[in-house]
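Here's the structure we're looking at; comments come further down.
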Amino acid sequence: MDPQDHERFRDFVDVRWSALLRLANLLTGGDRHEAEDLVQIALMKVLGRWRHIDDPEGYVRKVMYRQQISRWRLRRPHREATFAALPKDLGVADGTSAADLRITVGQALARLTPRQRTMLVLRYFEDLSETEVASALGCSVGTVRSTTHRSLARLRSLAPELGAPAQAAATVPSSNVPKGAHT
């Protein structure tokens with residue numbers, strides 16, 4: 001690698017490290033050490049091809065997705081970790097509700113299988129289409145749809161408080177519906 005490419009790679013790592021670590025943190029279920037390992041392994045794999053890469057950010061992310069897939073395919077099934085009950089009052093008016101929501105979502109994601117977590121992160125955090133997720137993970141669009149559906153259902157069962165505000169807003173008491181609105 002020539003010095004100019006080496007400098008470009010260092011600049012990329014300096015600028016994008018935090019964002020890549022956040023993505024890796026989501027992909028690994030919040031395990032900081034595994035997240036750091038995932039980013040470092042992806043960057044090491046990218047380093048050898050750096051001169052030939054047009055879109056470094058996209059390339060590194062794709063390497064991370066595939067590396068994470070390899071990790072959860074190689075792991076043997078294991079017992080799911082149990083966690084203490086979540087606090088019941090998440091609607092605190094002191095400005096911490098967004099942080100509480102992030103913590104709750106993070107804890108719920110950590111309790112999903114790596115495959116389920118990866119599908120949800122790619123679909124909703126990375127905002128990839130079903131086709132793009134299928135391409136990144138090397139599976140069919142139908143697999144992405146069914147796994148995403150099951151993963152969301154599991155997420156709702158693990159953290160029912162995440163769906164509570166949306167469900168409450170969708171439920172309109174019949175006494176509040178104006179006359180003639182049922183037509």
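By convention here, the first residue in the shown sequence is residue 1.
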With the side chain counted from C-beta on, respond yes when [X] and [Y] share a heavy-atom pair under 4.5 Å apart, and no when they do not.
X    : Y    : answer
I69  : R115 : no
R32  : L21  : yes
L109 : L112 : yes
Y65  : L128 : yes
D37  : Q67  : no

Look only at the side chain of [X] and the backbone of [Y], and say whether a donor-acceptor pair between them is shorter than 3.5 Å.
X    : Y    : answer
S135 : T131 : no
T147 : V144 : no
S157 : R154 : yes
Q68  : L27  : yes

Any idea which heavy atoms bring [X] and [Y] closest together, and the distance?
X    : Y    : result
A24  : A35  : CB-O, 3.5 Å
C139 : M119 : SG-CE, 4.1 Å
A136 : K62  : CA-CE, 4.2 Å
S129 : R123 : CA-NH1, 3.6 Å
R117 : A110 : NH1-O, 3.5 Å

Taking [Y] as the starting point, is it possible to reach [X] by hopping between hydrophobic residues whose side chains are less than 4.5 Å apart?
X    : Y    : result
I41  : L43  : no
V141 : V133 : no
V105 : L155 : yes

[X] [atom1] to [Y] [atom2] distance, which is reported to the nearest 0.5 Å:
X    : Y    : atom1 : atom2 : answer
H6   : D11  : NE2   : CG    : 10.0 Å
M64  : L23  : CE    : CG    : 4.0 Å
L158 : S151 : CG    : OG    : 10.5 Å

Under the ring-ring contact (aromatic ring centres under 6.0 Å, His included) rule, what pairs show up with a residue in residues 10-42, not counting sequence neighbours?
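The answer is F12-W50.
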With sequence neighbours left out, what residues match R16 under side-chain hydrogen bond (donor to acceptor under 3.5 Å, both in side chains)?
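In terms of side-chain hydrogen bond (donor to acceptor under 3.5 Å, both in side chains), with neighbours along the sequence ignored, R16 is linked to E57.
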Excluding sequence neighbours, so at least two apart, what forms side-chain hydrogen bond (donor to acceptor under 3.5 Å, both in side chains) with R10?
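Partners of R10 under the side-chain hydrogen bond (donor to acceptor under 3.5 Å, both in side chains) test: none.
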Qualifying residue, where the test is side chain to side chain contact (heavy atoms under 4.5 Å, CB included) with L122 and the options are L137, T148, L26
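With L122 as partner, side chain to side chain contact (heavy atoms under 4.5 Å, CB included) holds for just one option, L137.
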One thing to verify: whether R8 and D5 come together as a salt bridge, which I'm taking to mean a side-chain N less than 4.0 angstrom from a carboxylate O.
yes
